[in-house]
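Encoded as structure tokens, the structure appears first; notes follow it.
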Amino acid sequence: MTMPRSTIQTTQLNKTPTGIRGLDEITYGGLPQGRCTLLAGGPGCGKTVLALQILVNGAKQGEPGVFVAFEEDASRIVINAATFGWDLPDLQNKDLFFLDGKPRPEDIWAGDFELTGLLAILKAKADQIKAKRIVFDSIDVLLSLLDNPKAERRELFRLNDWLVTNGMTGIVTCKNNDSGMSGLDYKDFMQYMVDCVINLTHEMDDRVAHRSLRVVKYRGSGFYSGEVTLLLGEQGAEIIAFPESTHDQIASNKRISSGVPRLDSMLGGGYYRGSAVLLSGAPGTSKSSLCGMFILAACERGEACLYVSFDESVSEIVRNLKSININLAPHVDSGLLHIESIRSSLAGTEEQVGNLRKLIELYEPECFVIDPLSAIVHSEGDSRRRMPEKILTLTKASGITLLCTSLLGNGGDSLNEETGIQISAVADTWIHISYSILGGERNRALSIIKSRGSEHSNQVRELVIDKLGITLADVYQADGEVLMGTARWQKEQDEIAAERLLLANVQHRRRVIELAQDEVNARVKILQVDLAVKQKELDLLMVTEDARRGHLETNRDELWNKRSGDDNDTIALAVPKDA
Amino acid sequence: MHKVVTLPKPAHSLTMATHQFRLYIAGESVNSKLALSNLKSFCDTYYPNNYHIEQIDVLLSPDIAWAQGVTATPMLLRLTPAPAIKMMGNLSDTAQLINSLADTHG
């Protein structure tokens with residue numbers, strides 16, 4: 001396994017995956033293979049756990065490793081790591097070896113020493129077990145005993161050269177020199193020497209321990225230079241890194257129901273699939289109930305759903321929603337819906353976001369509810385504030401429709417963003433529910449503040465909850481006041497009465513006019529009969545006259561013949577032809 | 001296959017020496033040579049003809065050194081008399097050397 005140096009230098013940079021997902025993501029594939037990586041940080045940063053886990057992950061993947069412990073007893077490290085479930089006993093002395101190098105109080109240090117012997121021992125061991133990875137945990141503990149910066153630097157160079165020459169992927173941990181102690185600043189010196197440097201920090205953030213790390217340097221490779229969160233959880237070290245937001249996801253034109261038909265029509269057909277919806281409002285404005293309606297509708301469409309609550313236990317959620325006719329129990333039983341209750345106070349923001357990501361990956365929901373999202377934002381720190389955005393980025397990348405709630409004060413119409421969450425800018429649809437107090441009643445007013453990419457109603461609706469579920473009702477304005485609750489009901493009743501009166505009036509007038517029409521029609525009939533009678537009279541008259549005329553002519557001819565006097569012309573002059 | 005060098009030739013048999021040492025060295029390094037000569041001159045001064053030094057080169061016997069937990073070389077072990085003493089370095093710090101072994105050197 002020994003390689004000539006010249007070969008190493010001309011070989012393309014290969015990477016050794018650490019097996020820790022977030023770390024492999026931010027280093028774009030792992031640590032530099034056959035080279036040295038420095039993990040630097042103060043006490044309690046997780047250097048030892050992180051280094052050991054990289055070794056353990058390697059050992060499980062057929063890359064045996066050696067752990068040289070200078071700060072802690074190797075036996076204690078093994079005991080401490082037992083809680084992580086890494087199966088150390090199975091690996092130990094097979095693919096994973098510990099060398100206890102912790103200086104003892106009774107040891108005497110007399111003059112210059114060197115690592116030559118140690119490295120020879122390690123080389124022999126590494127060759128024997130075919131080790132690929134090696135950790136020097138807190139090399140500064142040993143070397144600072146030299147009490148001679150020149151000698152200390154010499155040994156660090158020796159160590160680095162040894163790693164490079166032997167082609168082993170080395171991890172060296174050391175403390176920050178922030179205690180103001182004189183002597184060699186290991187971190188400062190090694191930063192220049194090694195190929196990869198990772199800084200770890202540990203700080204308290206609103207009484208929650210917060211560990212983070214950052215890649216400072218990586219020779220020959222790009223890396224993500226931002227700070228990411230390091231968690232020491234049940235599985236050991238976990239690093240929560242998020243892919244950079246990509247804005248080229250294909251936006252869906254499909255709509256899905258909010259679970260409330262009138263809300264769907266206000267939104268122009270429902271929520272867009274894959275969009276992020278923010279539901280804000282004061283406590284008790286039934287945000288959770290709207291979440292329940294959304295989830296129920298999704299379950300009834302047969303879609304996998306995930307409901308994360310930071311407020312209530314699973315049984316409380318199911319019971320409370322059932323009281324307003326939202327029965328989620330069958331869907332929980334069938335496995336379509338998973339409800340997860342997380343205590344918000346116990347973990348930092350990044351850790352919560354990491355938990356949410358794990359849940360998303362585990363349950364692969366199509367519809368996802370976080371109630372409330374504001375619970376996971378503890379501090380006013382800028383980086384924490386931006387964490388919820390990362391969830392939204394995550395759900396959008398997976399095409400998940402996200403409905404999240406946020407507590408917002410009820411200060412009139414002032415929708416200020418002093419809530420610590422800046423998601424309103426990222427959310428596609430923002431629905432706000434506020435209280436309206438009038439006439440001794442507190443009612444809920446729902447309005448859509450924004451809805452990207454769709455026409456939406458500008459109307460305020462009253463949100464009415466009863467044991468049949470949630471409905472939206474129109475609100476009324478009277479004397480400049482919005483009427484809700486019983487005032488709305490009263491107004492509705494008044495309007496119904498007025499409408500009835502109006503209707504009765506119209507019907508009455510219609511009858512009157514219809515009667516008048518009938519009368520006229522009757523008169524028309526009488527006149528028509530009269531007309532017919534007159535026609536008959538006229539016809540009779542004309543017939544009688546014709547008869548009279550015919551009779552007269554007959555008589556005149558007879559008279560002429562009897563007199564035999566004048567000719568026809570004379571008679572014609574004497575008698576006018578037309579009578 | 002570790003290399004045992006006994007210096008100087010014992011006047012008594014090996015087991016008779018009251019001061020027995022084991023010195024882990026790394027080949028021919030400067031510190032290894034220094035440690036050996038420093039120890040030798042100390043022993044010649046304080047335990048003339050009554051000491052034994054077993055020298056183990058970890059480059060040649062890494063397995064023994066691994067089992068012994070050698071991290072820094074040179075490393076000196078005093079086997080007898082009790083108590084056992086472990087001392088790291090080239091032993092140039094004469095004052096430290098005398099102090100550490102003083103209570104028993106007579």
Side-chain angles (χ1 to χ4, degrees), chain A residues 66-75 93 97-129 131 134-148 150-152 154-156 158-159 162 166, chain B residues 1-2 21-39 41-42 55-78 82-104:
Chain A
V66 179
F67 192 100
V68 188
F70 294 109
E71 190 161 55
E72 264 186 283
D73 285 339
S75 58
N93 297 327
F97 286 80
F98 286 88
L99 177 62
D100 219 331
K102 183 188 170 188
R104 307 284 155 186
E106 64 271 21
D107 291 350
I108 298 160
W109 300 84
D112 193 20
F113 63 88
E114 58 202 30
L115 295 178
T116 323
L118 172 67
L119 299 178
I121 296 167
L122 292 172
K123 173 80 173 76
K125 197 74 190 174
D127 285 350
Q128 183 196 324
I129 66 167
I134 187 160
V135 171
F136 293 88
D137 190 29
S138 294
I139 188 74
D140 46 323
V141 169
L142 177 67
L143 293 186
S144 59
L145 290 166
L146 281 167
D147 203 15
N148 174 0
K150 209 172 142 188
E152 290 167 47
R154 179 196 68 206
E155 294 310 312
L156 288 176
R158 195 194 302 279
L159 175 63
W162 180 82
N166 288 293
Chain B
M1 55 163 270
H2 62 274
F21 298 93
R22 185 180 294 151
L23 184 64
Y24 292 89
I25 54 154
E28 301 289 304
S29 79
V30 177
N31 282 327
S32 300
K33 286 179 185 168
L34 264 176
L36 186 60
S37 65
N38 285 335
L39 178 63
S41 83
F42 174 83
Q55 209 183 156
I56 297 177
D57 187 347
V58 303
L59 304 190
L60 302 174
S61 313
D63 294 347
I64 292 172
W66 169 278
Q68 192 57 238
V70 176
T71 48
T73 47
M75 181 176 109
L76 175 68
L77 289 183
R78 187 180 73 178
I85 288 175
K86 190 168 160 189
M87 204 180 284
M88 262 68 68
N90 61 15
L91 310 177
S92 300
D93 189 344
T94 321
Q96 178 70 271
L97 189 64
I98 294 167
N99 274 339
S100 307
L101 304 176
D103 52 333
T104 49

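Just so we're on the same page: letters track the sequence lines, and every chain starts at 1.
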Among the options Glu155(A), Lys125(A), Gln128(A), Glu106(A), pick out the one with the most heavy-atom pairs lying under 4.5 Å from chain B.
-> Lys125(A)
Highest number of heavy-atom pairs under 4.5 Å with chain B among Thr116(A), Asp107(A), Leu145(A) belongs to Asp107(A)
Is the side chain of Ser32(B) donor-acceptor paired with the backbone N or O of Val30(B) at a distance under 3.5 Å, no angle test?
-> no
Find the one option among Gly101(A), Pro103(A), Ala124(A) whose heavy-atom pairs under 4.5 Å with chain B are most numerous.
-> Gly101(A)
Tell me, side chain or backbone of Phe98(A) under 4.5 Å from chain B's heavy atoms, or both, or neither?
-> backbone
Tell me, side chain or backbone of Asp112(A) under 4.5 Å from chain B's heavy atoms, or both, or neither?
-> both
Find out whether Lys33(B) and Glu28(B) are in side-chain contact, i.e. whether some heavy atom of one side chain is under 4.5 Å from a heavy atom of the other.
-> yes
Sort Leu143(A) into side chain, backbone, both or neither according to what part of it lies under 4.5 angstrom from a heavy atom of chain B.
-> neither
When only pairs under 4.5 Å are counted, which of Val70(B), Asn90(B), Val58(B) shares the most heavy-atom pairs with chain A?
-> Asn90(B)
Flag the one option from Pro62(B), Ala35(B), Ala95(B) with the top tally of heavy-atom pairs under 4.5 Å to chain A.
-> Pro62(B)
Between Trp162(A) and Ile134(A), is any pair of side-chain heavy atoms under 4.5 Å apart?
-> yes
Shortest non-hydrogen contact between Leu59(B) and Ala120(A), atoms and distance | CD2-CB, 3.1 Å
Does the side chain of Phe70(A) come within less than 4.5 Å of Asp137(A)'s, by heavy atoms?
-> no
Max heavy-atom pairs within cutoff under 4.5 Å with chain A, candidates Ser92(B), Ala72(B), Gly27(B), goes to Ala72(B)
Side chain proximity check, Phe136(A) to Leu115(A), heavy atoms < 4.5 angstrom | no
Closest-packed option against chain A by number of heavy-atom pairs under 4.5 Å, given Asn31(B), Asn38(B), Ile25(B), Asp93(B) | Asn31(B)
Carboxylate-amine/guanidinium proximity below 4.0 Å for Asp73(A) and Arg104(A) = yes
